[in-house]
Chemist: 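So that we are looking at the same thing, I have put the structure below in structure tokens.
A, B, ... follow the sequence lines: proteins, then strands. Residue 1 opens every chain.
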Amino acid sequence: MSSGITDQDLAQTLRQSAETTERLLKENAELRAQLQAQGQVAGNVGSAYGDLEAKFKALEQENRDFANRYVEIEEENNNLANLYVASYQLHSTLDFREVLQIITEIAINLIGAEQFAIYLVDDKTQTLTAVASEGLERDKLPKVPLSQGVIGKVASTGDNHFGPEDQMGAPIDVASPFICIPLKIKERVIGVIALYSFLKQKTRLVSVDYELFTLLAGHAATALFSSKLYSESERKLSTIQGFLELMTS
Amino acid sequence: MRQLIVFALSRIKNLKVIEADDGVDGLKKLSSAKFDILITDINMPIMDGLKLVSMVRNGDTHKTIPIVIITTEGAQEDRQRALALGANAYITKPIQAPQVISKVKELLKIA
């Protein structure tokens, strides 16, 4: 009995199978090569993506730095505006009372002070006398001898006094202000600003406050001094004019 | 320290500032022209800021004008009283220019 498949057919089939296997192996090798090449490309893309991601992060950081810098510059700008307005106001008049009023306004509106006093040195008696106050009765503020207590010491040394910040809302003592700033013309102290308390909403001192204290120490002193000299010279002038008129009439 | 507020407002484009000495002067100026916003203190001579707010809200012109109060009075009841009288914003001193600018821009709907 015969199956009908000859040896020749079998050999033919085997040859074809071998050829197919060989072709498949070749195709497989080609595909492997292609895959390897694509893998290389993917690797390159991945690396480029990594670079881009790093650049993106760096740009984001730069952007954040610029934003922070912008906020800082805005703050500096506003601080400068405060200082400019304060300085401009202090030198806008030669009237002694007006200068006192302007110092008061700066302390309230720009610093947020609630209770404070401006003391001037009386060279004859070597004491400090309150010439203006806010939130305190001026007449009840004591005359302070130079070198005595916080106020006297600030006036004699010319150094600022800053109380500890955690005592900012503590009950006040007129002899011991929380902050005391000398009013100086060069090294000569002509008075002090004594700050006892701040507005309820002012809970801490910020950098511009210290700048304003420095500005007040110098500019308020010269404004007070020059306005005082001016009013004295005006008074003398009118006396001399009156005297001359009397002589010539 | 009106100058500081004027300085702050000068940083907002196309805003012209007219200053008044007190509440009475403010009312007089409000009756003479059309204004977009009113900024006032509470403690002022002759007529205080709360009276001014009340008179503006009950007046014929500028009934709906946005009103900003800038004051030393930081108590909650003062704020509530001012807002109840018709103020739109209540800012406490010390004056912070950026706060004033952003509130004015917000009320005037300026970007």
Chemist: Heavy-atom cut-off 4.5 Å, strictly under: side chain, backbone, both or neither for A:I111 against chain B?
Modeler: backbone

Chemist: Pick from A:K202, A:K200, A:E74: which one has the most heavy-atom pairs with chain B under 4.5 Å?
Modeler: A:E74

Chemist: Does a donor on one side chain sit under 3.5 Å from an acceptor on the other, for A:Q126 and A:D122?
Modeler: no

Chemist: Would you call A:K153-A:D159 a salt bridge at under 4.0 Å N-O?
Modeler: no

Chemist: If only side-chain N and O atoms count, and only distance matters, is there a donor-acceptor pair under 3.5 Å linking B:E73 with B:N43?
Modeler: yes

Chemist: Could you please spell out the steps behind the side-chain contact (heavy atoms from CB on, under 4.5 Å) verdict for B:R2 and B:D21?
Modeler: CA-CA 10 Å; B:R2 284 206 307 254; B:D21 293 328; 3.7 Å; yes

Chemist: If you take the centroid of each ring, where Trp contributes its six-membered ring, are A:F162 and A:Y210 closer together than 6.0 Å?
Modeler: yes

Chemist: Please state whether the side chain, the backbone, both or neither of B:T71 comes within less than 4.5 Å of a heavy atom of chain A.
Modeler: backbone

Chemist: Identify which part of A:N79 has an atom lying under 4.5 Å from any heavy atom of chain B, answering side chain, backbone, both or neither.
Modeler: neither

Chemist: Only pairs of heavy atoms separated by less than 4.5 Å count here; which of B:A75, B:P94, B:A8 has the most with chain A?
Modeler: B:P94

